[in-house]
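One structure is given below, encoded as structure tokens.
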Amino acid sequence: MPELPEVETIVRELRPMVTGRTVVDVAVFRADALGSLGPDEFRAALCGKRILNVTRRGKFLIFELSPAGYLICHLRMTGKFAVTTAPARPERHHRVWFHLDDGSVMIFQDMRCFGTLAVVERLPDAPSLAKLGMDPLSRGFSLKWLAGALGRSKSPLKHWLMDQTKIAGLGNIYTAEILFRAGLSPLRPACQVGDEETAQLHRATREVLRRAIRKNGTTISDFRRVDEKTGEFQNFLRVYGKEREPCLSCHTPIAKIRQQQRSTFYCPSCQT
DNA sequence: AGCGGAACCTGTCGGC
DNA sequence: TGCCGACAGGTTCCGC
């Protein structure tokens, strides 16, 4: 489900709702998301901890805890958060309730049970975070960095951009939109991107992500912001999900192909 | 290095 | 109407 703009949207909404709150109790309704940690250990690791801040790395949500520790969440395809007053009973897809000291409950729900929750003492203890590459909205994501990172990789651009160890945060939707705006084919080997094209790719990446965040992300079917609100960037997509529709700049029908077992959408005429 | 395939789990949609 | 397969915004592991 969520890519960088969706996770960033959730972080921005969740932050003012839970920062400063203390976790007073944790109810686990389905432990799939907790990995090796049992529900009791998970609960013990969180009870009494105060939430200092909510941040993001790539597609990971990070709750900074006091006096120590971090709750790290990946929403995968269908994970969502809501903050409400205590509901009477858990709904079908509720996985964990975090009871907070002001009487509110932060709910983690996840239809497909792909999402993950982990508690670590120190951030380097989280192997998933350690592997993440450059955040495309950070200062480090410079044109120079990108040119160097594309390097000698023969991977198709689509695959390269979605590799979280290279750039952290891009998924299927935004990769398609970025490549369209950069005029680059998703099939082009990363090492065969010229200087001018690299500059276009760099600019398109920043632009698409910033606009998507401004529109609170993309809701196609499942994604919801905190408390079930939808994003709006789906109204600005140019290729994702647009197969057979005319390209906005040249009217060639948008193509849909399979790449790495995922759908890829692109304009075969504009994107070379 | 890079690719295809499968797996995790649940829901929806289109075709027959 | 109903069943069945394909597909879904993500990640990881395995084998070639």
Side-chain angles (χ1 to χ4, degrees), chain A residues 1-10 29-36 56-61 72-81 90-96 108-118 126-133 149-180 186-192 208-209 212-213 215-225 229-244 256-265:
Chain A
M1 167 180 71
E3 306 178 32
L4 188 152
E6 288 75 34
V7 178
E8 180 66 26
T9 298
I10 291 174
F29 303 110
R30 184 158 166 170
D32 296 40
L34 275 37
S36 54
R56 175 190 66 74
R57 275 204 200 171
K59 301 175 193 172
F60 288 86
L61 276 154
I72 300 172
C73 174
H74 197 302
L75 301 163
R76 297 288 178 98
M77 305 282 263
T78 53
K80 303 171 193 180
F81 277 99
E91 288 174 22
R92 182 174 173 74
H93 301 304
H94 287 189
R95 303 302 177 215
V96 180
F108 174 68
Q109 51 186 309
D110 184 10
M111 181 182 79
R112 286 174 75 178
C113 302
F114 283 1
T116 58
L117 293 167
S128 46
L129 292 184
K131 284 183 267 178
L132 288 181
L150 287 168
R152 284 186 237 89
S153 171
K154 290 182 209 146
S155 281
L157 272 179
K158 153 86 177 278
H159 189 46
W160 192 91
L161 290 170
M162 286 179 62
D163 181 345
Q164 303 299 302
T165 69
K166 306 274 198 315
I167 295 179
L170 302 181
N172 215 21
I173 295 181
Y174 293 110
T175 299
E177 296 300 313
I178 288 166
L179 287 172
F180 175 78
L187 301 164
R188 176 93 72 97
C191 59
Q192 290 174 24
V208 167
L209 294 177
I213 289 171
K215 298 294 176 188
N216 299 305
T218 301
T219 297
I220 289 177
S221 56
D222 292 315
F223 170 65
R224 291 297 182 275
R225 295 154 61 189
K229 296 188 290 285
T230 61
E232 301 95 47
F233 194 69
Q234 61 277 14
N235 302 316
F236 301 89
L237 297 176
R238 297 186 186 169
V239 287
Y240 185 86
K242 309 284 186 194
E243 72 268 31
R244 297 194 297 277
K256 178 182 181 178
I257 60 171
R258 268 334 252 187
Q259 239 182 329
Q260 279 82 33
Q261 291 144 213
R262 310 289 302 275
S263 296
T264 293
F265 300 86

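In what follows, chains are A, B, ... by sequence order, proteins preceding strands, each numbered from 1.
Using a 4.0 Å heavy-atom distance criterion, A:Arg95 is classed as making no nucleic acid contact. Among the protein residues, A:Ser153 comes within range of the sugar-phosphate backbone only, with heavy atoms under 4.0 Å from sugar or phosphate atoms but none that close to a base. If you check every strand for non-hydrogen atoms under 4.0 Å, A:Tyr240 touches sugar and phosphate atoms only.
Put simply, CD on A:Glu91 is 13 Å from P on B:dG11, counting in whole angstrom units. To the nearest angstrom, C1' of B:dT12 lies 13 Å from CZ of A:Arg92. Summarising the geometry, the separation between CD1 on A:Ile10 and C1' on C:dG9 is reported as 12 Å, rounded to the nearest angstrom. For the pair A:Ile167 CD1 and C:dG10 P, the computed distance is 15 Å after rounding to whole Å. Put simply, CD on A:Gln260 is 13 Å from P on C:dG9, counting in whole angstrom units. Atom CG of A:Leu132 and atom P of C:dG10 are 14 Å apart (whole Å). Taking atom CE of A:Met162 as the reference point, atom P of C:dA8 lies 11 Å away to the nearest angstrom. The separation between A:Glu243 atom CD and C:dA6 atom P is 17 Å, rounded to whole Å.
For the pair A:Arg152 and A:Gln261, nearest-nucleotide mapping onto DNA chain B gives the more 5' position to A:Arg152.
Taking 4.5 Å as the limit, every side-chain heavy atom of A:Ile72 sits out of range of all side-chain heavy atoms of A:Thr116. The shortest distance between side-chain heavy atoms of A:Tyr174 and A:Leu161 does not fall below 4.5 Å. Using a 4.5 Å cut-off on side-chain heavy atoms (C-beta onward), A:Glu177 and A:Leu237 make contact. Contact of the A:Lys242 side chain with the A:Phe265 side chain is not registered, since no non-hydrogen atoms from C-beta on lie closer than 4.5 Å.
Remark: A:His93 is not in phosphate contact with B:dC9, judged by side-chain N or O atoms under 4.0 Å from OP1 or OP2. The side chain of A:Lys154 contributes no N or O atom lying less than 4.0 Å from OP1 or OP2 of B:dC3. Side-chain nitrogen and oxygen atoms of A:Arg258 include at least one within less than 4.0 Å of the OP1 or OP2 phosphate oxygen of C:dA8. Close to C:dG10, at under 4.0 Å from its OP1 or OP2, lies a side-chain N or O of A:Arg262.
Using atom P as the reference point in both C:dG5 and B:dA6, the two lie 15 Å apart (nearest Å). Taking atom P in both B:dG4 and C:dC7, one finds a spacing of 15 Å when rounded to whole Å. Straight-line distance between the C1' atoms of C:dG9 and B:dG2: roughly 24 Å, to the nearest whole Å.
Ring geometry for A:Phe60 against A:His74 counts as perpendicular: the plane angle is over 60°, on a 0 to 90° scale with 30° as the lower cut.
Comparing B:dC3, C:dG9, C:dT11 against the side chain of A:His159 picks out B:dC3 as the nearest. Side chain of A:Ile173, nearest nucleotide from B:dT10, C:dG9, C:dG10: C:dG9. Distances were taken from every side-chain heavy atom of A:Ile220 (C-beta onward) to each of C:dG9, C:dT11, B:dC9; the shortest belongs to C:dG9. Side-chain proximity of A:Thr218 to the nucleotides B:dT10, C:dG9, C:dG10 is greatest for C:dG9. When distances are taken from the side chain of A:Pro156 to each of B:dC3, B:dG2, C:dG9, the shortest belongs to B:dC3. The side chain of A:Ser263 sits closest to C:dC7 out of B:dG4, B:dC9, C:dC7. Nearest nucleotide to the A:Ser155 side chain, out of C:dG9, B:dG2, C:dT11: B:dG2.
Across all strands shown, B:dC9 has no partner, as no Watson-Crick or G-U wobble contact with both distances under 3.5 Å is found. Shown here, C:dG9 forms no base pair; nothing in the strands shown gives a Watson-Crick or G-U wobble contact with both key distances under 3.5 Å.
In the interface, the side chain of A:Arg112 is paired with the base of C:dA8 through a donor and an acceptor atom under 3.5 Å apart.
Exactly one of A:Thr175, A:Asn172, A:Thr264 qualifies for a side chain to side chain donor-acceptor pair (under 3.5 Å) with A:Gln259. That residue is A:Thr264.
In this structure, A:Phe114 forms no aromatic stack with the base of C:dT11, since the conditions of centre separation below 5.5 Å and plane angle below 30° are not both met.
Between A:Glu232 and A:Arg225 there is a salt bridge, since a side-chain N of the basic residue sits under 4.0 Å from a carboxylate O of the acidic one.
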